[in-house]
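So the structure is just underneath, and the comments pick up after that.
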Amino acid sequence: MNDPTTPSAPAAGLEGVVVAESEISYVDGEAGRLVYRGYEIEDLAENSTFEETALLLLDGELPSRESLTAFTERLEAERGLDDEVLDLLHGFAADADPMAALRTAVSAEGMFDPDAGADPLDGEATRRKAIRLIARFPTIVAAFDRLRNGRTPVGPREGLSHAANFLWMLSGEEPDPEAAGILDVALILHAEHGMNASTFSARVTAATLSDLHSAITSAVGTLKGTLHGGANAEVMRMLLEIEKRGTDPETYVDETLDAGKRVMGFGHRVYRTIDPRAPILAEFSRRLGEKSGETKWHAWSERIREAMESRKGLAPNVDFFSASTYHALGIPVDLFTPIFAISRVAGWTAHVEAQYAKNRLIRPRARYVGASGRTWVPFEERR
Ligand code: COA
């Protein structure tokens, strides 16, 4: 049916469609630049910390030393989970996908949050919730991982950075400073990325004047998919599959592409050239491989990169080298995407606050292309 009342639909997947103005980050797909609040990602990766970057995303300015200390102390104070949420985690299936566990725990957090009943437009209450969520994402992920392995959760430890404390809660061992430093930079790199799919879903939920936890639950569910945050785990599964098959990386790429499938960790909707986060992670992957003596994952990743460049002209995205980096840090493969979430919750909360600050319901239309002019018929007459 030709629907004269709606204009024709934009490109599939809303490619190229601008849905909002944002002051939070700038993704320059042509030049391969990522800028948070006016600061180049390379500058932040070199000099900032995840805590400072999160506050920069939320407030729009680099914090004073005092504000950063206060924010860090608030995060530390909010890391512990409520007993109700911990009890819930005890009941999760051991073989549950950690992203499903995180999504469910975040949703539950929303019920037990002290500001649960607050008006979403109460900026101070929403900020308190945002801080609790940023603080608790690592605790939820680490507690779930320990419980599914039959171990007791390890509580947060004061005096450790966000990244170091996550490694501590995961293993219960003193985190290696280099590992914590690398994870800290990885968290900076993943914290924000314009109107990516999960951020968009968070904003759509918030725009109905639903609460922050509902918006972040939507975002976690959206990040889970393999075309978005789920790609980093898929990259590692590919590397492990290459090892299992005993094939070489080039053959694997050829076979995958010849079968019409995608090689995970390549391509991007916005970047037409390099994803500026990839080379930073590639360097970590190389360094950690050399340090541990297990150099093959990085070497194979480089060979896959070259094969994809020559066969498809596609460059790696953020998920490609984060796989071999996290693997070298000893992190289980299915926690790679939750780590993405531990970081991106900073960007999500900044976007939800921005949405509330200048809200209008996000409600696009569909162009109807279905049947018309039909009349209901009884069962006996249906074919
Ligand atoms: N492997 C193989 N081919 C790929 C590819 C990949 N990873 N990514 C894109 N392509 C190809 C598509 O097959 C298509 O080729 P064609 O025009 O010959 O059919 C072309 O590149 C454009 O792809 P399209 O799906 O239209 O791009 P998109 O903008 O809709 O998708 C992604 C972007 C990220 C979803 C896509 O690149 C992808 O699936 N990548 C793998 C998953 C991933 O790494 N996701 C994390 C993103 S940060």
Side-chain angles (χ1 to χ4, degrees), residues 9-19 25-30 32-34 36 41 99 186-202 219-242 249-282 285 300-327 333-334 336-344 347-348:
L14 296 182
E15 179 169 3
V17 174
V18 173
V19 296
S25 70
Y26 173 47
V27 183
D28 182 344
E30 299 303 321
R33 279 173 65 216
L34 172 58
Y36 293 173
I41 194 66
M99 281 298 279
L187 295 182
I188 293 172
L189 298 179
H190 287 81
E192 161 59 14
H193 211 229
M195 200 55 72
N196 59 91
S198 54
T199 299
F200 184 50
S201 68
V220 174
T222 308
L223 185 72
K224 180 171 177 281
T226 53
L227 294 187
H228 192 6
N232 57 11
E234 293 300 314
V235 171
M236 196 62 225
R237 291 188 183 111
M238 163 173 72
L239 292 168
L240 293 166
E241 178 67 17
I242 289 171
E250 293 79 5
T251 308
Y252 184 92
V253 168
D254 283 342
E255 286 175 2
T256 304
L257 294 179
D258 291 347
K261 294 189 194 144
R262 288 174 181 225
V263 177
M264 291 291 129
F266 287 86
H268 201 273
R269 175 60 67 77
V270 184
Y271 292 121
R272 291 290 154 240
T273 168
I274 194 162
D275 177 336
R277 302 164 296 179
I280 300 174
L281 289 159
S285 149
W300 290 359
S301 298
E302 282 294 351
R303 285 168 63 183
I304 294 170
R305 187 183 64 72
E306 278 162 28
M308 282 299 284
E309 171 67 47
S310 71
R311 270 213 57 177
K312 294 288 292 186
L314 288 175
N317 57 48
V318 69
D319 294 311
F320 189 62
F321 286 104
S322 60
S324 41
T325 300
Y326 297 157
H327 186 67
V333 176
D334 61 1
F336 292 6
T337 312
I339 290 179
F340 194 150
I342 284 172
S343 163
R344 185 58 60 85
W348 291 332

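Counting starts at 1 for both ligands and their atoms, in listed order.
- Under a 3.5 Å cut-off, the side chain of Ser25 and the backbone N or O of Gly194 do form a donor-acceptor pair.
- For Arg303 and Glu306, the salt-bridge test fails: no basic side-chain N is under 4.0 Å from an acidic carboxylate O.
- Contact check for Asp319 versus Phe336: no side-chain heavy atoms found under the 4.5 Å cut-off.
- For the pair Ser343 (side chain) and Leu187 (backbone), a donor-acceptor distance under 3.5 Å is present.
- When side chains are defined from C-beta on, Phe321 counts as touching Pro316, because their heavy atoms get closer than 4.5 Å.
- Within 4.0 Å of ligand 1, the residues that place a heavy atom are Thr226, Leu227, His228, Ala231, Leu257, Arg262, Val263, Met264, Gly265, Phe266, Gly267, His268, Arg269, Met308, Lys312, Leu314, Asn317, Asp319, listed by chain and number.
- Partners of Val27 according to the side-chain contact (heavy atoms from CB on, under 4.5 Å) rule, which considers only residues two or more places apart in sequence or in another chain, are Leu34, His193, Val270, Tyr271.
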